There are 2 protein chains.
Amino acid sequence: MHNGTSAKKTGRPRSADADHAILEATRAALVELGWGGLTMGDVATRAGVAKTTLYRRWAGKNELVVDAVAVLFDELELPDRGSLQADIEDVVLQFAALLALPEARTALMAVVAESTHDEALRRRIREAIVDRQKCLVVLGRRRAQERGELPPDGPPLGPHGTDTATQIDLIFDVIAGAVVHRTLVSGEPVDAAWARTFTTLLLGGLAAIR
Amino acid sequence: MHNGTSAKKTGRPRSADADHAILEATRAALVELGWGGLTMGDVATRAGVAKTTLYRRWAGKNELVVDAVAVLFDELELPDRGSLQADIEDVVLQFAALLALPEARTALMAVVAESTHDEALRRRIREAIVDRQKCLVVLGRRRAQERGELPPDGPPLGPHGTDTATQIDLIFDVIAGAVVHRTLVSGEPVDAAWARTFTTLLLGGLAAIR
DNA sequence: GGAGTTACGCTACGACTCGTAGCGAAAGAG
DNA sequence: CTCTTTCGCTACGAGTCGTAGCGTAACTCC
């Protein structure tokens with residue numbers, strides 16, 4: 001959040017209701033107008049607050065949209081379905097459902113695009129969105145190791161072996177990248193059949209890189 | 001292109017030099033200002049043309065940037081390196097090099113974001129960029145079949161078998177998605193080592209989905 | 001070479017958004 | 001009650017948007 005832990009003790013406190021109203025108005029505006037059509041003034045009107053109130057809390061469009069969309073990623077979970085294949089398929093479908101929301105589709109790509117020219121924005125995105133997703137990969141991998149579906153951490157085996165951190169990063173980029181690309185670039189739906197085939201490919205590939 | 005084949009016979013022809021100057025100016029502006037900072041007036045000034053000339057050829061920022069970046073993707077090739085593994089590694093590194101260009105990084109994500117609210121823009125992106133990349137997958141796959149590294153097209157084998165079109169789409173989304181995600185979202189470099197590990201995973205996975 | 005057609009550069013324009021400043025009022029802490 | 005901060009509101013200069021009008025340049029057809 002923009003003012004994380006520092007708590008001013010005196011003076012009138014900032015309205016939490018206004019925060020919620022603004023973030024919700026931002027998502028609504030994204031759905032109707034998209035990234036390019038979204039304006040600060042419009043969001044303020046929708047939220048029923050003054051434009052100056054927005055600028056007191058967020059530096060601009062970029063930061064506002066990141067916060068508005070970040071909460072959507074909090075809903076991602078990794079239920080224990082008994083097998084690694086089922087767990088991955090589940091999280092793939094969850095992520096696809098999230099990308100089916102118009103506000104998420106538009107905002108995600110736009111803020112990533114802006115972040116290529118803004119280091120602070122890049123950090124904000126990483127903390128608010130990316131790292132939360134990566135936790136799911138770490139958790140799913142550990143579960144699979146406890147089940148015996150994946151070997152425990154240790155030195156790589158073959159000549160193509162990879163260490164733990166590299167594996168996690170690779171899995172994360174492949175899953176998130178493939179789902180995003182299919183949804184937003186190819187424009188094809190991520191349904192149960194695709195999730196199943198993709199997961200089969202991923203698990204088959206994992207066996208090859210140890 | 002915006003006026004593809006239809007050729008007016010009479011009147012003063014449009015300046016091809018102006019086209020090149022505008023597209024080059026657009027890329028330069030993307031590098032310096034990013035997507036958000038790029039304005040039509042600035043591009044016109046850089047290119048040495050009038051602002052009205054831009055609007056006579058492109059409807060707006062979105063269409064202009066797609067055309068300006070599309071030519072970068074024409075340089076992608078699939079050299080025959082003798083093995084499927086080497087071919088894929090090569091094209092992965094080529095794609096990564098392209099995404100290392102600031103103008104490509106910024107523009108790609110931005111136009112995809114805008115395309116979520118613009119069907120015409122989506123088609124334009126597909127024709128100018130996506131389809132050209134997908135051809136590489138089709139070509140590489142056919143070569144591998146001729147070498148005997150992949151089985152020829154036919155009905156799927158196992159219970160998880162997939163048909164040809166599904167396989168091609170999947171391979172495409174996994175390759176492009178993973179490279180884009182690692183480069184732009186995770187912010188990690190795609191070097192030879194990563195390309196090797198990723199390709200090993202992909203080929204291992206391909207064996208699992210037939 | 002003249003007539004017709006189209007693109008060009010230039011200027012100007014209203015509409016809109018931006019981000020900031022100043023004001024008086026409201027809401028909490030001490 | 002006083003101090004401090006936020007609130008809504010208004011107004012502002014700066015910048016961008018996309019379009020219109022004008023005279024000129026370039027090319028084709030007769």
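Just the heavy atoms: all of them, side chains too, but no hydrogens, waters or symmetry mates, feed the values below. Not measured: the values here are computed from a predicted model. Each chain gets a letter, A, B and so on, in the order its sequence line appears, and its residues count up from 1.
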Got a salt bridge between A/D169 and A/K134, using NZ or NE/NH1/NH2 to carboxylate O under 4.0 Å? yes
Salt bridge between B/R132 and B/D74, side-chain N to carboxylate O under 4.0 Å? yes
Between A/G48 and B/K61, just flag the one whose closest nucleotide in DNA chain D comes earlier from the 5' side. A/G48
Cationic N near anionic O, under 4.0 Å, A/D153 to A/R142: no
Taking only residues two or more places apart in sequence, or in another chain, which ones meet A/R143 in a side-chain hydrogen bond (donor to acceptor under 3.5 Å, both in side chains)? none
Anything under 3.5 Å between a donor and an acceptor, one on a side chain of residues 27-35 of chain A, the other on a protein residue two or more places apart or in another chain? List them.
residue: A/R27; atom: NH1; partner: A/A68; partner atom: O; Å: 2.7
residue: A/E32; atom: OE1; partner: A/R46; partner atom: NH2; Å: 3.2
residue: A/E32; atom: OE2; partner: A/R46; partner atom: NH1; Å: 3.4

What's the CZ-P distance between B/R46 and C/dG9, to the nearest Å? 18 Å
Only counting residues at least two apart or in another chain, list the ones meeting side-chain hydrogen bond (donor to acceptor under 3.5 Å, both in side chains) with A/E89. A/Q85
Between C/dA7 atom C1' and B/I22 atom CD1, what is the distance in whole Å? 12 Å
Identify the pairs formed between an N or O of the protein and an N or O of nucleotides 25-28 of chain D at a distance under 3.5 Å, and give each distance.
residue: D/dA25; atom: N3; partner: B/R12; partner atom: NH1; Å: 3.2
residue: D/dA26; atom: O4'; partner: B/R12; partner atom: NE; Å: 3.4

Can you tell me if A/T52 touches the phosphate of D/dG8, counting only side-chain N or O atoms and a distance under 4.0 Å to OP1 or OP2? no
Just how far, in rounded Å, is C1' of D/dA20 from CZ of B/R56? 11 Å
Mutual orientation of the aromatic rings belonging to B/F73 and B/F95 [parallel < 30°, tilted 30-60°, perpendicular > 60°]: tilted
What nucleotide among D/dG18, C/dC18, D/dG8 has an atom nearest to a side-chain atom of A/K51? C/dC18
Rounded to the nearest angstrom, tell me the gap between atom CG in B/L54 and atom C1' in D/dC17. 13 Å
Residues at least two apart in sequence or cross-chain that pass side-chain contact (heavy atoms from CB on, under 4.5 Å) with A/T45, listed by chain then number, are none
Output yes when A/R147 and A/D87 qualify as a salt bridge under the 4.0 Å nitrogen-oxygen rule, no when they do not. yes
If you check the B/R14 side chain, which of C/dA7, C/dC10, D/dC9 turns out closest? C/dA7
Quick test: give all pairs of protein nitrogen or oxygen and nucleotides 13-15 of chain D nitrogen or oxygen below 3.5 Å, distance rounded to 0.1 Å.
none

B/Y55 OH - C/dG9 C1' separation (whole Å): 16 Å
Rounded to the Å, how far apart are A/M40 CE and C/dC18 P? 7 Å
Nearest-Å distance, CG (A/D19) to C1' (D/dT6)? 12 Å
Rounded to whole Å, please give me the gap between CG in A/D17 and C1' in C/dA27. 14 Å
